[in-house]
Engineer: 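Quick one: the structure is below, questions incoming.
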Amino acid sequence: MDYKILLNKLLQKRFKKLLAVDIGSTNIKLAVVDSAKRTPVVKVLYQEALPPELQYTALSYNTSALADFINGIVKREKINADAVVFTVGADNSAILTLEMPNMADSELQEAARWELAHELNSEPDSFNYAAAYLTENNEGLNKVMAAVMPQSATKTFTKIAAQLDLPLSSVFLRSAAVEQTFNKTYTDFILLDCTSENEAVITAFNNPLPVLQKQFNNEINAINIMAAIAEMQAVLSETEFKQLVINGNINTGLMKELEAAGLPVVINDITHSIGFAESLPAECLQQLDSFAAVIGTALCYLNNCRLNLLPLKQNTFSVNRWQAYRAAAACCVICFLAAWAWELVLLYSVQSDLQKVQQQIAAMDKWQQRYEDAAAFNAQLNHRLKLAENLRKQNTDWQQILADVAESTPTGCWLEKIEQGSESREIIISGYAPDMPKAVEFSEAMGKNGKTELTELKTAQIEGKSYAAFNLLLERK
C-alpha cells in the first residue's frame, strides 16, 4: 500500500453521523444516516414543502433565506449530525463525456479541469467538477465522464453548511445517489427519477456511471420518455441499455405503456439497501422511494463514490487531538505487532535449539545404554572369573593337601576320609593304623604342613584284628 494513502486514512476524519439534504424545486427532504455499526441505519426522515418565495429559485437567488429555512428545520426537529452532504439535480448540473489518455487520478482531475473550462468556455474556478474513467485502455484515448456544478450552487451549499455549523462533506449528483440505493447491481441502464408529479429526470448509466441526463417538466408521458431513450441510444450507439429503472411514484397507465415499449422495467426498492430505525414516522416509511436520493447521497459518501463534486478539503498538516490519538493508537498497534513478531522469532529460535539439544540427548541416551550394558556384562564376566579363580585356588589347595597326605602316610596305614573342618583352614583326616605308634608317626609327619592334633585315638577290631583308629585335625599354615 502507498504510504500516502495509509497516512490519509489515518489522518482524514470519517464522519459517522451524516445529515443528508435533498433540495427539490418545491420541497426539501432531510435524512440522518448513522454508520457507527456495520450496516448504516437511517435515524431521521423529514420532508417539508418550500415556502413559495423559495420554490424553483432557492439555489440561485434566495441563498440566505434557504439557509435560514433549513437551519430552522434542524433546530426545530432537534437533528444532530457530524457533517452535511447534499444532492444536486439536473437543473444545477451537467454531464459531459471527454476523451483523455490513461493517467493517475490526481492528474486526471487536473487535466479534466482545463478540458471542461475549454468545453464550457468559462474560467476553471467558475465551477466544481468530478471526473472518472468509463474505459481504461493503456494505449490511445479513453472515455471520461465528467459532472459539473456551477459556482453559484457551491456557494449556496457552503452557506447552508456554515449556517448549520457542520462540515460540508460532499455534494453528489442526484442520479448517482439514487443508484446507490439499488438492491441489485446494474451496468447499462436508464434511470427515470420522478422527483414530483410534474417533474422527472431521465439519466443514462454506463459502466455504471451517469453519462447523459434530460429533465422533463409537465411533459411526463411514455412518448417523450421513449423518445429521450431513443436519443440517448443514438448518442451512445456502442451501449445497449438492458433495463429501465424507475424511482419514485408513477401512475399505473404510464407504467403499462413503458412496459409495452419493450425495455424491461424495474421499480427501485430501497428497503434492502440500508437499515431503518423503528422510530421513523409511518408516513415516511410508506413513501420511502421519494427519499431514495437523500439516503443515497449519504451512501455515496460512505461508499467513497467517485462523483464527489465538492469533497471536504482537510489540512493533513494540522493534527487534531483525535488524529493524535488515532496516530498514537496506530503506533502502539505497530509496536505491539513488531514485538509480537520478534517474540515469535525468538520462540522459533529457542524451539530449534531445544530440538537440537533433544536430538543430542537422544544420541547420548543410546551411548549411555550401550555403556551400561557393557558395564553390566563386564561385572558379570568379572564375577565369573573370580568364581573360577576361587575354584582354581581351592582345587590347587586340595591337590596340595592330598599330595602331602599321600606323602606323609606311613606304610600299613590307610585313610577313610578327608573333610573340611568348621573353619576353612581346618582339615579333618580319619583313618586306621596297624598300631598306635604308626598313628602318632603319621600325625608327626603331617606336622610339617601345619599344626596337628589327634582328636581321637582308639583301638578298633576289624575282621578279628586289632587296629588303631584315629581322627587327626590339621590346621594349615
Side-chain angles (χ1 to χ4, degrees), residues 5 59 85-155 157 170-180 185-191 193 201-215 228-242 245 293 296-297 300-301 303-313:
I5 299 177
L59 290 178
V85 293
F86 293 92
T87 63
V88 58
D91 52 346
N92 288 284
S93 64
I95 300 177
L96 292 87
T97 302
L98 309 175
E99 290 187 352
M100 305 184 71
N102 193 13
M103 61 185 74
D105 185 68
S106 59
E107 298 176 354
L108 171 66
Q109 300 300 326
E110 184 63 22
R113 177 169 172 259
W114 293 102
E115 189 70 19
L116 288 171
H118 176 72
E119 290 287 337
L120 299 174
N121 194 19
S122 61
E123 295 295 328
D125 296 333
S126 63
F127 57 85
N128 289 85
Y129 67 97
Y133 279 110
L134 290 172
T135 60
E136 295 186 8
N137 299 320
N138 294 328
E139 298 180 357
L141 297 178
N142 295 295
K143 290 185 177 181
V144 176
M145 173 270 170
V148 183
M149 178 181 65
Q151 192 67 25
S152 59
T154 303
K155 293 180 180 180
F157 295 140
S170 306
V171 176
F172 296 99
L173 287 177
R174 180 185 172 89
S175 57
V178 173
E179 189 268 340
Q180 290 290 318
T185 301
Y186 303 108
T187 54
D188 301 325
F189 63 95
I190 300 292
L191 172 63
D193 184 17
V201 177
I202 186 168
T203 307
F205 279 77
N206 180 23
N207 200 23
L209 294 172
V211 291
L212 287 176
Q213 64 181 3
K214 183 176 181 181
Q215 187 173 10
I229 294 176
E231 292 177 5
M232 292 179 175
Q233 186 68 72
V235 174
L236 304 172
S237 58
E238 299 178 356
T239 304
E240 181 182 357
F241 298 115
K242 301 175 183 178
V245 182
T297 191
C300 283
Y301 172 80
N303 297 330
N304 294 321
C305 181
R306 292 178 290 177
L307 301 179
N308 190 352
L309 295 171
L310 193 62
L312 177 64
K313 296 181 180 180

Engineer: Decide side-chain contact (heavy atoms from CB on, under 4.5 Å) for Leu96 and Glu115; before the verdict, give the C-alpha distance in whole Å, the side-chain angles of both, and the deciding distance to 0.1 Å.
Structural biologist: CA-CA 11 Å; Leu96 292 87; Glu115 189 70 19; over 6 Å; no
Engineer: Quick one: are Phe157 and Met149 in side-chain contact, heavy atoms under 4.5 Å?
Structural biologist: yes
Engineer: What I'd like to find out is whether the side chain of Thr87 reaches to under 4.5 Å of the side chain of Val178, using heavy atoms alone.
Structural biologist: no
Engineer: Could you grab the distance from atom OG1 of Thr135 to atom CG of Leu141, nearest 0.5 Å is fine?
Structural biologist: 9.0 Å
Engineer: Nearest 0.5 angstrom please: Leu173 CG to Leu307 CG, how far?
Structural biologist: 6.0 Å
Engineer: To check you understand the geometry: which heavy-atom pair defines the closest contact between Ala130 and Leu309, and what is its length?
Structural biologist: N-CD2, 3.6 Å
Engineer: Nearest 0.5 Å, please: how far is CG in Leu120 from OG in Ser126?
Structural biologist: 7.5 Å
Engineer: Are the side chain of Gln180 and the backbone N or O of Thr297 linked by a donor-acceptor pair below 3.5 Å?
Structural biologist: no
Engineer: To the nearest 0.5 Å, what is the distance between CD1 on Ile229 and CD1 on Ile202?
Structural biologist: 4.0 Å
Engineer: Please check: side-chain N/O of Ser170 versus main-chain N/O of Val85, any donor-acceptor pairing under 3.5 Å?
Structural biologist: no
Engineer: What are the two closest non-hydrogen atoms of Ala176 and Phe205, and how far apart are they?
Structural biologist: N-CZ, 4.3 Å
Engineer: Considering non-hydrogen atoms only, spot the tightest contact between Gln213 and Thr203 and give its length.
Structural biologist: CB-OG1, 3.8 Å
Engineer: Which heavy atom in Arg174 sits nearest to a heavy atom in Gly89, and how many Å separate them?
Structural biologist: CB-CA, 4.2 Å
Engineer: Would you say Leu108 and Met100 make side-chain contact, with heavy atoms under 4.5 Å?
Structural biologist: yes
Engineer: Look up atom CG in Asp188 and atom CG in Asn207, then write down how far apart they are to the nearest 0.5 Å.
Structural biologist: 7.0 Å
Engineer: Between Lys242 and Tyr186, is there a side-chain heavy-atom distance shorter than 4.5 Å?
Structural biologist: no
Engineer: So among Glu136, Glu238, Glu99, which one has a salt bridge (charged side-chain N to carboxylate O under 4.0 Å, His left out) with Lys143?
Structural biologist: Glu238
Engineer: With heavy-atom distances below 4.5 Å as the criterion, would you say the side chains of Met145 and Thr97 are in contact?
Structural biologist: no
Engineer: Do Arg113 and Asp125 touch side chain to side chain, with heavy atoms closer than 4.5 Å?
Structural biologist: yes
Engineer: Check whether any side-chain heavy atom of Tyr129 sits under 4.5 Å from a side-chain heavy atom of Gln109, and report yes or no.
Structural biologist: yes
Engineer: Check for a donor-acceptor pair, side chain of Tyr133 on one end and backbone N or O of Met103 on the other, with a separation under 3.5 Å.
Structural biologist: yes
Engineer: Can a donor-acceptor pair be found, under 3.5 Å and without considering hydrogens, that links the side chain of Asn308 to the backbone of Val171?
Structural biologist: yes
Engineer: If you take all heavy atoms of Ala177 and Cys300, which pair is closest and at what distance?
Structural biologist: CA-SG, 3.7 Å
Engineer: What closest approach, in Å, do Ala117 and Glu123 show between heavy atoms, and which atom pair accounts for it?
Structural biologist: CB-C, 4.4 Å
Engineer: Output the distance between atom CG (Asn128) and atom CG (Leu116), rounded to the nearest 0.5 Å.
Structural biologist: 11.5 Å
